[in-house]
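The structure appears below as structure tokens.
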Amino acid sequence: MALAAAASASAHSMTWQSLGAAPAELTLDFTLPTGQSFRWRQTGQAEFTGVVDNRVVKVQQTPSDVRYQVIARGDNAASSEDAAVLRNYFNLQACLEELSQEWSSRDARYKSIHSYFPGARVLRQDPVECLFEFICSSNNHISRIHGMVERLCRDYGTPILHASTSQASTAAAAVGGKDTVAAAEEEQKAVPDLAFYSFPTLEQLSAASEAALRAEGFGYRAKFITGTVQALLAKPGGGKQWLYSLRNVPYKEASEALCELPGIGPKVAACICLFALDKHEAIPVDTHVWQLAVRYYTPQLKGKTMNKKIMVAVEDAFIERFGPWAGWAHNTLFISELATQRERLPEQLRPGGKSKASKSRKAAKGDTEEVSDQSEMMKVEQAAVQKRTLNMDIDTVDDSTESRPIQRARRGAKHKQTKVQGAGNNGNTNGQSDAVVAEEPGVSKKAKSQKPTSKAKSKQTAGKVNSSDAAGAQSDICTRSSSLAVAADAAIDQALQDASIRL
DNA sequence: AAACAACCTGCTTT
DNA sequence: AAAAGCAGGTTGT
């Protein structure tokens with residue numbers, strides 16, 4: 001192991017390249033692990049490694065920039081295109097700072113929280129990859145989605161960088177500073193996870209059976225994946241082209257087209273539209289955004305049950321409030337709601353529910369309940385805005401502390417009856433175990449039927465559109481004054497170097 | 001049209 | 001320790 005480490009370390013002594021994006025434009029911590037892509041692994045204190053367009057890329061935050069190294073390339077990945085590929089992936093033609101200023105002038109809540117989450121960018125991902133990532137996301141949490149996507153790539157994708165030659169693994173071994181046994185164990189455990197694969201093509205994915213996917217822990221999403229693969233392959237041009245063409249049609253049209261595919265409803269469609277199809281106004285309304293909405297933007301909808309119509313109402317409210325790039329504004333607001341991120345907000349800006357960390361901290365200090373409720377918070381924010389003479393209309397959110405998600409009450413009620421047979425999960429924790437899927441974990445009633453289902457049979461046009469370059473459709477609102485490079489000082493360099501691998 | 005039950009799983013909380 | 005709760009939802013009734 002050590003030998004492999006040394007060998008590859010010297011083999012990969014390349015240098016960092018500047019991406020030319022200041023933290024206000026791109027902050028990796030708010031962009032990569034916050035649920036819009038599940039293809040990145042944190043491989044250091046301020047460093048992530050992932051695969052972009054057939055390249056294994058390491059990106060690292062510095063105080064003034066983000067820099068990158070392409071540590072491996074697959075077929076047809078020319079190094080001359082690295083920079084363009086990454087600028088495209090990080091959507092750097094848009095100027096987030098400028099947008100942020102605009103949103104701040106339009107909305108009190110955004111204004112009060114955005115400085116705690118600078119550089120939360122919306123990526124421009126590959127549509128195929130993005131689509132399957134978000135089929136996996138339904139009724140699921142980030143860490144499991146991440147594992148599922150990883151297995152999908154490992155099982156059906158093309159390896160670009162093997163574990164034995166991975167720089168990341170060498171770092172793991174080198175940094176391990178403990179006794180050699182522990183280090184060896186650590187490395188052994190780490191190695192299988194440190195290979196990098198391209199995301200499988202539709203053709204590669206067509207090799208996956210529902211049974212195999214279930215055996216890998218995809219649950220009921222297994223048939224969504226196989227169903228969508230088939231549906232896409234049946235499109236003229238093989239599916240990939242069809243999907244890319246959605247970049248050139250209006251949001252609504254793209255969303256409706258996506259919703260024809262099994263496993264894709266309005267929320268997942270909005271994710272794909274926002275994160276891969278250039279629909280900057282798309283608002284994925286999930287449980288977090290729903291709470292945001294009834295708290296600040298559509299209080300009149302409180303108590304309603306979530307459905308397509310309600311989602312559209314929420315979306316419209318966001319678009320009216322934030323404008324054509326509302327999806328980007330939503331992204332920052334969404335992140336501020338995540339349990340893993342909301343602790344960054346000062347107490348008085350934090351929404352009602354407290355996270356574990358917050359709870360235990362309070363418990364330790366013998367603190368009592370939180371002081372301000374939503375209405376007070378809103379008043380403070382409104383006052384702040386009005387003081388600045390911004391005559392924007394601020395929704396008055398009166399009322400009280402409905403801290404609990406509405407759907408929770410709903411679920412609590414229904415679970416009384418359900419549960420029962422779902423409780424006994426048939427053992428195969430950790431996914432891999434057996435190869436041949438137990439013919440019927442939860443296949444209670446129908447299932448099995450590979451039928452196209454009602455959604456597949458309705459319409460299916462959307463094949464037209466001009467084939468102009470998709471990137472051209474985007475506006476260049478920023479003349480990017482390259483606050484570039486600025487060689488990070490040695491101290492930071494050192495610190496970053498010392499960072500250990502973290503999964 | 002709207003509401004709700006069912007669905008896979010892993011991790012946390014009671 | 002067993003059970004319920006929850007996680008960036010979709011589908012069928």
Side-chain angles (χ1 to χ4, degrees), chain A residues 33-38 130 133-148 151 210 213-225 227-228 258-272 274-275 282-292 303-311 327 330-331 333-341 353 355-357 359-360 404-431 437-438 440-447 449 451-456:
Chain A
T34 42
Q36 59 172 315
S37 169
F38 306 93
C130 188
E133 285 188 311
F134 281 93
I135 284 181
C136 294
S137 79
S138 76
N139 194 17
N140 209 347
H141 55 267
I142 292 179
S143 69
R144 183 152 85 111
I145 300 164
H146 199 275
M148 288 163 65
R151 292 195 290 279
E210 180 184 341
L213 290 172
R214 277 188 176 267
E216 282 294 355
F218 287 80
Y220 58 78
R221 303 162 195 86
K223 68 174 179 304
F224 294 161
I225 293 173
T228 289
L258 290 172
C259 284
E260 299 298 323
L261 300 166
I264 300 183
K267 188 271 179 181
V268 167
C271 287
I272 300 164
L274 178 61
F275 300 139
I283 310 292
V285 182
D286 67 353
T287 166
H288 293 302
V289 175
W290 173 240
Q291 289 175 70
L292 268 173
K304 303 280 189 183
T305 49
M306 180 53 61
N307 58 42
K308 172 77 191 220
K309 191 175 155 192
I310 297 296
M311 277 195 181
H330 136 282
N331 188 46
L333 291 166
F334 165 76
I335 290 169
S336 75
E337 295 284 307
L338 284 178
T340 54
Q341 302 290 156
S355 72
K356 297 165 295 184
K359 264 194 231 164
S360 53
R404 307 323 302 168
I406 289 171
Q407 75 173 61
R408 185 170 308 177
R410 253 200 350 251
R411 262 198 239 165
K414 90 190 171 198
H415 269 257
K416 258 178 266 174
Q417 286 204 321
T418 59
K419 239 17 187 171
V420 190
Q421 91 277 39
N425 59 4
N426 48 5
N428 80 346
T429 41
N430 95 355
V437 175
E440 65 106 37
V443 217
S444 50
K445 292 156 197 200
K446 51 290 165 123
S449 64
K451 289 174 54 67
T453 71
S454 59
K455 61 190 306 189

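All values below were derived from every heavy atom in this structure, side-chain atoms included, with hydrogens, water molecules and symmetry-related copies excluded. Chain naming here is simple, since letters A, B, ... match the order of the sequence lines and numbering starts at 1 in each.
Separating the CG atom of Asn307(A) from the C1' atom of dC4(B) is a distance of 12 Å, rounded to the nearest angstrom. Summarising the geometry, the separation between CD1 on Ile272(A) and C1' on dT10(C) is reported as 13 Å, rounded to the nearest angstrom. In this structure, the NZ atom of Lys309(A) is 22 Å from the P atom of dG9(C), given to the nearest Å. Look at CD1 on Ile225(A): it is 14 Å from C1' on dT10(C), rounded to the nearest Å. Per the geometry, CZ belonging to Phe334(A) stands 7 Å off P belonging to dG8(C), to the nearest Å. To the nearest angstrom, P of dG10(B) lies 14 Å from CD1 of Ile145(A). The interatomic distance linking Gln291(A) (CD) with dG8(C) (P) rounds to 11 Å, in whole Å. Straight-line distance from the CG atom of Leu213(A) to the P atom of dT9(B): 12 Å, rounded to whole Å.
Residue side chain Arg144(A) reaches the base of dC8(B) through a donor-acceptor N/O pair under 3.5 Å, judged by distance alone.
Here Glu337(A) lies out of heavy-atom contact (under 4.0 Å) with every strand. When heavy atoms are screened at a 4.0 angstrom cut-off, Thr340(A) is found touching no nucleic acid atom at all. Within the 4.0 angstrom heavy-atom criterion, no nucleotide atom of any strand lies near Phe38(A).
The phosphate of dC8(B) has OP1 or OP2 within less than 4.0 Å of a side-chain N or O from Arg214(A). Residue Thr305(A) places at least one side-chain N or O under 4.0 Å from the OP1 or OP2 atom of dA3(B). The phosphate of dT10(C) has neither OP1 nor OP2 within less than 4.0 Å of any side-chain N or O from Lys267(A).
Nearest nucleotide to the side chain of Asp286(A), out of dC8(B), dA3(B), dG8(C): dG8(C). Among the nucleotides dA3(B), dC8(B), dG10(B), the one closest to the side chain of His141(A) is dG10(B). Residue Asn139(A) has its side chain nearest to dC7(B) when only dC7(B), dT10(C), dG8(C) are considered. When each of dT10(C), dA3(B), dG8(C) is scored by its nearest atom to the side-chain atoms of Pro284(A), the top-ranked nucleotide is dG8(C).
Between Phe334(A) and His330(A), the ring planes lie parallel to each other; the angle is under 30°, not in the 30° to 60° tilted range.
Between Ile264(A) and Phe134(A) the shortest side-chain heavy-atom distance does not fall below 4.5 Å. Side-chain contact between Gln341(A) and Thr34(A) is present, with heavy atoms from C-beta onward closer than 4.5 Å. By the 4.5 Å heavy-atom criterion applied to side chains, Pro284(A) and Leu274(A) are counted as neighbours. Looking only at side-chain heavy atoms (C-beta outward), Thr287(A) and Gln291(A) come within less than 4.5 Å of each other. Side-chain contact between Tyr220(A) and Arg214(A) is present, with at least one heavy-atom pair separated by less than 4.5 Å. Looking at Glu133(A) and Gln36(A), their side chains never come closer than 4.5 Å, going by heavy atoms from C-beta outward.
On the P atoms, dT9(B) is 24 Å away from dA1(C), given to the nearest whole Å. Across dA1(B) and dG9(C), the matching P atoms stand 25 Å from one another, rounded to whole Å. dG5(C) and dA5(B): their P atoms are spaced 13 Å apart (whole Å). Comparing the P positions of dG8(C) and dT13(B) gives a spacing of 15 Å, expressed to the nearest Å.
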Inset, instruction - Toss me the dot-bracket line for DNA chain C: Watson-Crick and G-U wobble, both under 3.5 Å, 5' to 3', using | for pairs to another strand and [ ] for crossers. - result: .||||||.|||||

Inset, instruction - Give the intermediate values and the outcome of side chain to side chain contact (heavy atoms under 4.5 Å, CB included) for residues Ile283(A) and Met311(A). - result: CA-CA 9 Å; Ile283(A) 310 292; Met311(A) 277 195 181; over 6 Å; no

